[in-house]
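All remarks here apply to the structure that follows.
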Amino acid sequence: MKQETHAFQTEVKQMLHLIIHSLYSNKEIFLRELISNASDAIDKLRFKSQTEPEILGKDTDFYIRIRPDKEKKTLVIEDNGIGMSFEEAVENLGTIAKSGTAGFMEALEATRKEGLLTPELIGQFGVGFYSSFIVAEKVVVESRAAGAEKGVRWESEGSGEYSVAEIEKEDRGTRITLFLKEGEEGDLSFTEEWTIKDIIKRHSDFIAYPILMETDSYEPVPEEEQEKDEEGKAKETMRKVRKDETLNSMKAIWARKKEDVKEEEYTEFYRHISKNWDEPADKLHLHLEGAVEYDVLLFIPSKAPFDLFQRDRRHGLHLYCKRVFVMDDCKELLPEYLGFIHGVVDAPDLDLNVSREILQQNSLVRNIRKNIVKRVFDLLSKMEEDAYLSFWKEFGPMLKAGIPTDFDNKEKIAGLLRYPTTKSGEKLKGLKEYVENMAEGQEAIYYLSGENLSALINSPHLEALKAKDYEVLLMTDPVDEWVVDSLREFEGKPLKSAEKGDLELEKPSEEVAESFKGLFEFIQKELDEDVKEVKASARLKESVACLSADAFAMSAFMEKVMQASGQEMPKQKRVLELNTAHPVLERLKERFTADPAAPSMKDWALMLFDLAVVSEGGRIENPSRFSRMVGELMAENLSGSR
Ligand SMILES: Nc1ncnc2c1ncn2[C@@H]1O[C@H](COP(=O)(O)OP(=O)(O)OP(=O)(O)O)[C@@H](O)[C@H]1O
């Protein structure tokens, strides 16, 4: 028989260390986690048996069993779910599934740095099984996968390594034996029946399979077995017996009436399905009737997981049919951009044997999806602003992606967008509020995108807009470019980039423009490689120069983002806008008129371009030339004024 010893993956070691040293005041959660895994294992088996009914065999009464032993100081958690093969035990119990994903180590590091390690922070890693080591000095897992001949025994003391061996195991499923640590003063005793009952009632009551434990109970002694006294009266009519007791009510929370469900029950259920350890930020519990009838219980997490944008991230929706689990990761019921929502949809009219392929074309599923998306928007739009802003901070970047991808709900999502603006200070503003506060005569919604807020707020592109007291939305997420491109307008007001196209503000007069014609042609020729046009600016008030683009061209920020992501990009020529009211331009015109061939003119042209790049927070191509020229100018100026 196979027998091996393996070292834990490094991340598991770190995780174990973290768990053991941070969760000592939350010891009891290990039981919730192990029961949750057992319940998942039964769900998985049922899902598989829809297409392979033979894997169930005769063992069709699903259960989770708890067996405490005070003498041996052990606690056993057993299930007849899908079980694990030798390879699966190594894969699942020696590594962390998410550890390979980008961001895992980063999140782990951040977690370690937080002075206070909360269970919520640790919970995001999906450490369920490893929480056994909070209470156990040794853990033994014996398992046999459904349909397999041989079983596996996995054993570890939670330090550096674990052993795995092939074993014979009679029944399908997983048995986990915890060899409990000596408790500290004041600790709960996890072999005590009432402690176990209490923990299960609080954390796992809704689990859909019976959680069984043998307990003492009393039953009437049958007539024929009764011992009688001289007068013929029974000595004892009741006797103590050991019997299985079901410790959970198994009531599907979503099928209960809202008013009957306590907040704590919702929270525990959320934790079970989401595998998160935080409190949900909000929830939606509905019973829908009409042409189709179904129950919906959805949760919005309070924190975004570190792998939110991971492509292969599982969706949080579970599909049930008449309280029987059909599938998890049900992507058909919610669009991708709402994939952060966790919950359950129970649709009694669905065929239990429905496959994913069928789901995609099912009109009932489409109907449900449409309706729940609508309800989610209602919920989000009615949230109190502060709570909504916390939500937006976590999930806004994902929600936004709905604008370019979900045409039907574009307007609704647009109402949920929030941005800092030139007038909002630290706060974020929605488009609705923006429109309500538009200045007299303002026709468009203005925005500017770029890498960071301080560069944006001081950008020369905003000078004329600020002078008119027009507010500008400030966008620092590259996705926003894509968002505004597909949104185009909100409540009939067009969205306009402050750095692109015609802002429809007062332009310098024809005569002024004409008087600079020669100079501008000269500058244009000098900068031909970078600049497609030089013109008198309507955007600038104080600065000398800025760069702008055509209304439909790519913005400087987008160009930068694309380059950073390694995309080959043809060089985009932009428009150099010059402030004709600025003294520099006036003097430059005089010099140019006096001597168009003066060698310094070329330097001035280059300098103007560099100034425009610097003022929008861009990188100039030849910084040493720029600094040399500024140095010379300073020297000249300083000596002149002395
Ligand atoms: N009772 C069980 N029966 C069968 N497989 C199990 C059982 N317990 C754990 N496993 C397997 O071990 C894996 C790891 O479990 P663990 O609780 O550490 O993480 P997880 O449940 O996958 O993570 P998360 O809690 O984020 O989902 C599970 O995904 C499952 O494949």
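Note that the numbering runs from 1 along the sequence shown for the chain. Note that these values count all heavy atoms, side chains included, but never hydrogens, waters or copies made by symmetry.
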Carboxylate-amine/guanidinium contact [X] [Y], below 4.0 Å:
X: Asp329; Y: Lys331; value: yes
X: Lys44; Y: Asp40; value: no
X: Lys181; Y: Glu137; value: no
X: Glu28; Y: Arg202; value: yes
X: Arg314; Y: Asp328; value: yes
X: Asp378; Y: Lys374; value: yes
X: Glu385; Y: Lys427; value: no
X: Glu332; Y: Arg366; value: no
X: Lys138; Y: Glu157; value: no
X: Lys251; Y: Asp205; value: no

Apply the test side chain to side chain donor-acceptor pair (under 3.5 Å) to residues Asp43 and Tyr209: give CA-CA distance (whole Å), side-chain angles for both, the deciding distance (0.1 Å), then the verdict.
-> CA-CA 10 Å; Asp43 280 347; Tyr209 309 104; 2.5 Å; yes
Is Asn80 reaching over with its side chain to a backbone N or O of Tyr63, donor-acceptor style, under 3.5 angstrom?
-> yes
Could you tell me whether the side chain of Arg271 and the main chain of Asp278 form a donor-acceptor pair under 3.5 Å?
-> yes
Verify side-chain contact (heavy atoms from CB on, under 4.5 Å) between Arg46 and Val324, making sure each step is shown before the conclusion.
-> CA-CA 9 Å; Arg46 293 183 74 150; Val324 174; 3.0 Å; yes
Pair Ser449, Glu481: side-chain N/O donor-acceptor within cut-off below 3.5 Å | yes
Nearest heavy-atom approach of Tyr130 to Thr95 is OH-O, 2.8 Å
Minimum heavy-atom separation for Tyr270 to His342, with atom names?
-> CE1-CD2, 4.4 Å
Should we say atom [atom1] of [X] is surrounded by more than 12 heavy atoms from elsewhere, each under 6.0 Å from it?
X: Lys400; atom1: NZ; value: yes
X: Glu259; atom1: CD; value: yes
X: Lys432; atom1: NZ; value: no

To the nearest 0.5 angstrom, please state how far the OG atom of Ser143 sits from the CG atom of Asp79.
-> 7.5 Å
Only one of Leu286, Asn371, Asp346 forms a side-chain contact (heavy atoms from CB on, under 4.5 Å) with Tyr294, so which one is it?
-> Asn371
Residues at least two apart in sequence or cross-chain that pass salt bridge (Lys or Arg N to Asp or Glu O under 4.0 Å) with Arg65, listed by chain then number, are Asp244
Hey, are the side chains of [X] and [Y] touching, using non-hydrogen atoms and a 4.5 Å cut-off?
X: Ile176; Y: Thr174; answer: yes
X: Ile134; Y: Ile20; answer: no
X: Arg375; Y: Phe377; answer: no

Report yes or no: is the cationic atom of Arg32 (NZ for Lys, CZ for Arg) under 6.0 Å from the centre of the six-membered ring of Trp277, at an angle within 45° of the ring normal?
-> yes
Identify whether NZ of Lys or CZ of Arg in Lys283 sits under 6.0 Å from the centre of the six-membered ring of Tyr266 and within 45° of that ring's axis.
-> yes
Report the relative orientation of the aromatic rings in His272 and Phe206; use parallel for angles under 30°, tilted for 30 to 60°, perpendicular for over 60°.
-> tilted
Of Phe133, Phe190, Phe129, which is the lone residue that meets ring pair (Phe, Tyr, Trp, His ring centres under 6.0 Å) with Phe30?
-> Phe190
